[in-house]
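Letters A, B, ... are given to chains in the order of the sequence lines, protein chains preceding strands, and every chain is numbered from 1. Model, not experiment: these values are computed from the prediction.
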Amino acid sequence: MIARILHEGQYELPPSALAHLRQMDDELMDRLTAGDEDGFCARRDALLALVRSEGRMLPDDALQESDLVLPPADLTLEEARRLFTQHA
Amino acid sequence: MGLMSRMSTIFKSKVSAALDAAEDPRQTLDYSYERQMEMLQQVKRSLADAVTARKQIELQKVRLQGDMDKYQGEAEAALKAGREDLARQALERKAALKAQSDGLDGQIAELKAQEDKMEENARRLETKIAAFRAQKEVIKAQYTTAQAQVKMGEASTGLSEELADVGLSVQRAQDKTERMRARAQAIDELTDKGVLDDALAAPGDDPVERELRKTQQASQVEDDLQALKAKIGAGEQK
């Protein structure tokens, strides 16, 4: 499974990491809904840290499609909120 | 729906929009390559913009420091003339400028971080472009084989992802630089008019923080005043 952290790069992750990622994503959503900026940032950092520690970074010359796209490390609560109001 | 899946959906739609642009898959390769070169130029421009904005803010900080020194001098002169009220006024202005100047430090650091990120982006993109250029011609030459077609699809998607990612980061960086530039300009205008105050409270500031800052500024004014009195007193005793 390949996950891209926006503005950072792609990581190859074992499929087993997905369940944990989803759980952390749920917590992140929860903080977003609650409008809790500090909690949101802490969980965003934790989610990305998990990808970095569990995954292996793909070399810069890799040209592969990602299965998952994760927000950039400096995504703000406000920006995250806008993601849900704009059209995909 | 979670943030991850929302982000993935939005991002993938940007990628497929880019891929749909060309009909013949072989054209997609050339088109992608051109887009990549354009994107690299954009990253470099955005890097240059961030550097310019940072230099402007650094200059502004120098100007603020000059104004602060001026008010300090005025306060001293006023106190020597026995006008504590005027001295206090001058020190209040100086404290307000100090708060702005401290705020600029944060902006300078933020812009510097952005420059580093853009440099890293440009480096990564250059590597990808080189890899893609090498693969592109090989794949085109073998286009008739099914395997090459699959490979081409993969390379194009991978590349388009990179383009969409870099495009997004350039957009965010430009927005941020623009916001800081606008704020710096507003400070300049207000300083020129001599009405610099809470109009430029940092974004996200709540009333409590504002009050707290006022209190800190007030105590700074008192400290400065006492220090000046001591200095002048010491001078007189000599």
Side-chain angles (χ1 to χ4, degrees), chain A residues 1-10 13 17-33 35 37-38 40 43-44 47-48 50-51 57-88, chain B residues 1-17 19 29 32 36 110 113-114 117-118 120-121 123-136 139 151-173 175-176 203-204:
Chain A
M1 182 174 68
I2 294 176
R4 171 184 291 272
I5 299 180
L6 284 178
H7 315 347
E8 182 172 321
Q10 290 172 297
L13 287 162
L18 191 62
H20 198 176
L21 280 179
R22 289 213 185 286
Q23 184 208 327
M24 292 180 88
D25 188 36
D26 285 345
E27 289 174 16
L28 185 63
M29 260 326 264
D30 188 46
R31 292 301 90 207
L32 175 62
T33 320
E37 179 104 49
D38 290 344
F40 176 83
R43 276 162 185 82
R44 172 202 64 201
L47 177 69
L48 299 184
L50 179 77
V51 173
M57 197 171 196
L58 292 185
D60 281 349
D61 60 359
L63 293 167
Q64 292 188 58
E65 188 176 357
S66 308
D67 303 297
L68 261 183
V69 180
L70 287 112
D74 60 351
L75 183 86
T76 62
L77 184 88
E78 186 47 43
E79 284 179 304
R81 216 177 256 148
R82 274 205 299 269
L83 284 177
F84 286 88
T85 50
Q86 79 183 71
H87 296 289
Chain B
M1 181 164 44
L3 185 60
M4 272 193 319
S5 51
R6 181 67 186 166
M7 192 101 234
S8 300
T9 309
I10 293 176
F11 186 72
K12 298 263 174 176
S13 77
K14 282 190 201 299
V15 173
S16 66
L19 279 175
L29 293 181
S32 297
Q36 243 180 343
E110 225 176 293
Q114 192 171 299
K117 216 183 292 169
M118 286 288 118
E120 166 69 19
N121 261 337
R123 195 193 53 74
R124 209 173 67 202
L125 195 54
E126 269 169 352
T127 312
K128 296 237 180 221
I129 290 177
F132 186 73
R133 189 173 45 212
Q135 287 185 30
K136 176 169 85 99
I139 297 172
K151 235 195 228 165
M152 182 171 62
E154 281 171 2
S156 293
T157 311
L159 188 72
S160 300
E161 264 196 37
E162 197 61 30
L163 289 179
D165 189 346
V166 173
L168 208 60
S169 91
V170 167
Q171 186 59 51
R172 291 179 75 226
D175 287 352
K176 203 188 252 179

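Contact check for B/Leu3 versus A/Leu75: side-chain heavy atoms found under the 4.5 Å cut-off. A/Asp74 is listed as a side-chain neighbour of B/Lys117, based on a closest heavy-atom distance under 4.5 Å. Residues A/Leu70 and B/Met7 fail the side-chain proximity criterion, which asks for heavy atoms closer than 4.5 Å.
We find the CE-CE distance between A/Met24 and B/Met4 to be 10.0 Å, quoted to the nearest 0.5 Å. Expressed to the nearest 0.5 Å, how far CD of B/Glu162 lies from CD of A/Gln64 amounts to 12.0 Å. Residue B/Ser5 holds its OG atom at 7.0 Å from CZ of A/Arg22, rounded to the nearest 0.5 Å. Note: B/Leu168 CG to A/His7 NE2 = 5.0 Å, rounded to the nearest 0.5 Å.
Among A/Leu68, A/Leu32, A/Asp67, the residue making the largest number of heavy-atom pairs under 4.5 Å with chain B is A/Leu68. Across A/Pro72, A/Ser66, A/Ala80, A/Gly9, the residue that shares the most heavy-atom pairs under 4.5 angstrom with chain B is A/Ser66.
For the pair B/Asp165 (side chain) and A/Leu6 (backbone), a donor-acceptor distance under 3.5 Å is absent. Under the 3.5 Å distance criterion, the side-chain polar atoms of B/Arg124 are matched with a main-chain donor or acceptor of A/Glu8.
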Please evaluate residues B/Glu161 and A/Ile2 with respect to the criterion side-chain contact (heavy atoms from CB on, under 4.5 Å), reporting the C-alpha separation (whole Å), side-chain torsions for both, the decisive distance (0.1 Å), and the verdict.
CA-CA 12 Å; B/Glu161 264 196 37; A/Ile2 294 176; over 6 Å; no
Could you walk me through whether A/Glu79 and B/Arg172 satisfy the side-chain contact (heavy atoms from CB on, under 4.5 Å) test, starting with their C-alpha distance in whole Å, then the side-chain angles of each, then the deciding distance to 0.1 Å, before giving a yes or no?
CA-CA 10 Å; A/Glu79 284 179 304; B/Arg172 291 179 75 226; 2.7 Å; yes
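Contacts of A/Leu58 with chain B are absent, with no heavy-atom separation under 4.5 Å from either backbone or side chain.
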